[in-house]
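The structure appears right after this line, and notes come after that.
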Amino acid sequence: MTFDCPAADLAPRLLGATLIVRGCAGRIVETEAYAPDDPASHSFPGPTMRNAAMFGPAGHAYVYRIYGLHWCLNVVGAPGHAVLIRALEPLDGIATMQTRRGPGRPLCKGPGMLAQALGIDGADDGRAFGTPDFRLDLNPPGDWLTGTRIGITKAADWPMRFGLPGPWLSRAF
DNA sequence: ACTCTGATGTACT
DNA sequence: GTACATCAGAGTA
């Protein structure tokens, strides 16, 4: 399967893909890779209750709560590998996203924002991509940017953040 | 533009 | 008790 590969390979390949969730859609413009040998990864300590989806089938979602408030969406690759979706260019269902996010707020410029905009929460943890309401349409990416990941303290200098240039990134590279 | 901080849940030591 | 793969609002400039 196309998703069953190391996160460092999958993360750039997800750039440019269209993520469709229950009527809302966006183009993936920013990702981060997390692997089992990475001290910053939730899979680093081995399988637990929370990270079970990371060790489950490739091409499924791993959704977790961060800082008690926000949800973050990952795409699972090979066992213990996952790619955090950090930012989208909003494409469809924008009115719904605005309602969920609130007036004047950015829609998808960060992992917590995009999860809220698309209505993703813990009920989506472990869900398979590939249904009309929850799918991922891959597109061949052109050139992309590489940098260090955001918001972590361990392995902070690993170049595991990937992005497409443009105004939709959570932060410039 | 920037830096600081509060809000909140859960999994760890 | 502490550490988070975060966001929003307030403050300074």
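Proteins get letters first, then strands, A, B, ... in listed order; numbering begins at 1 in each.
- Nearest nucleotide to the side chain of A:T48, out of B:dC12, C:dA5, C:dC4: B:dC12.
- Note on A:T153: a side-chain N or O is less than 4.0 Å away from OP1 or OP2 of C:dC4.
- Residues A:R86 and A:S170 bring a donor and an acceptor atom of their side chains to less than 3.5 Å of each other.
- Contact annotation: A:R101 side-chain N/O to C:dA8 OP1/OP2 distance is under 4.0 Å.
- Nucleic acid contact class of A:M49 (heavy atoms, under 4.0 Å, all strands): none.
- Nucleotide C:dA5 forms no Watson-Crick or G-U wobble pair with any nucleotide shown, as no partner meets the under 3.5 Å limit on both distances.
- Using a 4.0 Å heavy-atom criterion, one finds that A:G68 contacts the bases of the nucleic acid, with or without backbone contacts as well.
- Across all strands shown, B:dT8 forms no Watson-Crick or G-U wobble pair with both distances under 3.5 Å.
- For the pair A:R149 and A:Y34, the cation-pi test (distance below 6.0 Å, angle within 45°) is passed.
- When rounded to the nearest whole Å, the span between CG of A:L107 and C1' of C:dA8 equals 15 Å.
- The distance from atom CG of A:L84 to atom P of C:dC7 is 10 Å, rounded to the nearest whole Å.
- Atom CD1 of A:I66 is separated from atom C1' of B:dG6 by 16 Å (rounded to the nearest Å).
- Residue A:R65 has its side chain nearest to B:dG9 when only B:dG9, C:dT6, C:dA5 are considered.
- No contact: A:R149 has no heavy atom under 4.0 Å from any strand.
- A straight line from CD of A:E30 to P of C:dT6 spans 10 Å, rounded to a whole angstrom.
- Of the listed nucleotides (C:dA8, C:dC4, C:dA5), C:dA8 has the atom at the smallest distance from the side chain of A:M113.
- A donor-acceptor distance shorter than 3.5 angstrom exists from the side chain of A:H81 to the backbone of A:A7, with no hydrogens or angles considered.
- Under the side chain to side chain donor-acceptor pair (under 3.5 Å) test applied with A:R135, the options A:T131, A:D137, A:D133 reduce to a single match, A:D137.
- The base of C:dA5 is paired with the side chain of A:Y64 by a donor and an acceptor separated by under 3.5 Å.
- Within the 4.0 angstrom heavy-atom criterion, only backbone atoms of the sugar-phosphate kind lie near A:I152; the bases stay farther away.
- Protein atom CZ of A:F44 is 16 Å distant from nucleotide atom C1' of C:dA3, rounded to whole Å.
- Under the 6.0 Å distance and 45° angle rule, A:R22 does not count as a cation-pi partner of A:F134.
- Pair assignment for C:dA13: none, as no Watson-Crick or G-U wobble contacts are both less than 3.5 Å.
- Between the OH atom of A:Y34 and the C1' atom of C:dC4 there is a distance of 11 Å, rounded to whole Å.
- Spacing between atom OH of A:Y67 and atom P of B:dA11 amounts to 16 Å, rounded to whole angstrom units.
- Counting to the nearest Å, the C1' atom of C:dC7 and the CZ atom of A:R171 are 14 Å from each other.
- Among the atoms of the strands shown, none is found under 4.0 Å from any heavy atom of A:R161.
- The side chain of A:S41 lies closest to C:dA5, out of C:dG9, C:dA5, C:dT6.
- For the pair A:P106 and A:K154, nearest-nucleotide mapping onto DNA chain C gives the more 5' position to A:K154.
- For the residue pair A:L118 and A:V21, the shortest heavy atom distance occurs at O-CG1, 3.6 Å.
- The phosphate of B:dT8 has neither OP1 nor OP2 within less than 4.0 Å of any side-chain N or O from A:H70.
- Closest to the A:L69 side chain, of the nucleotides C:dC7, C:dA5, B:dA7, is B:dA7.
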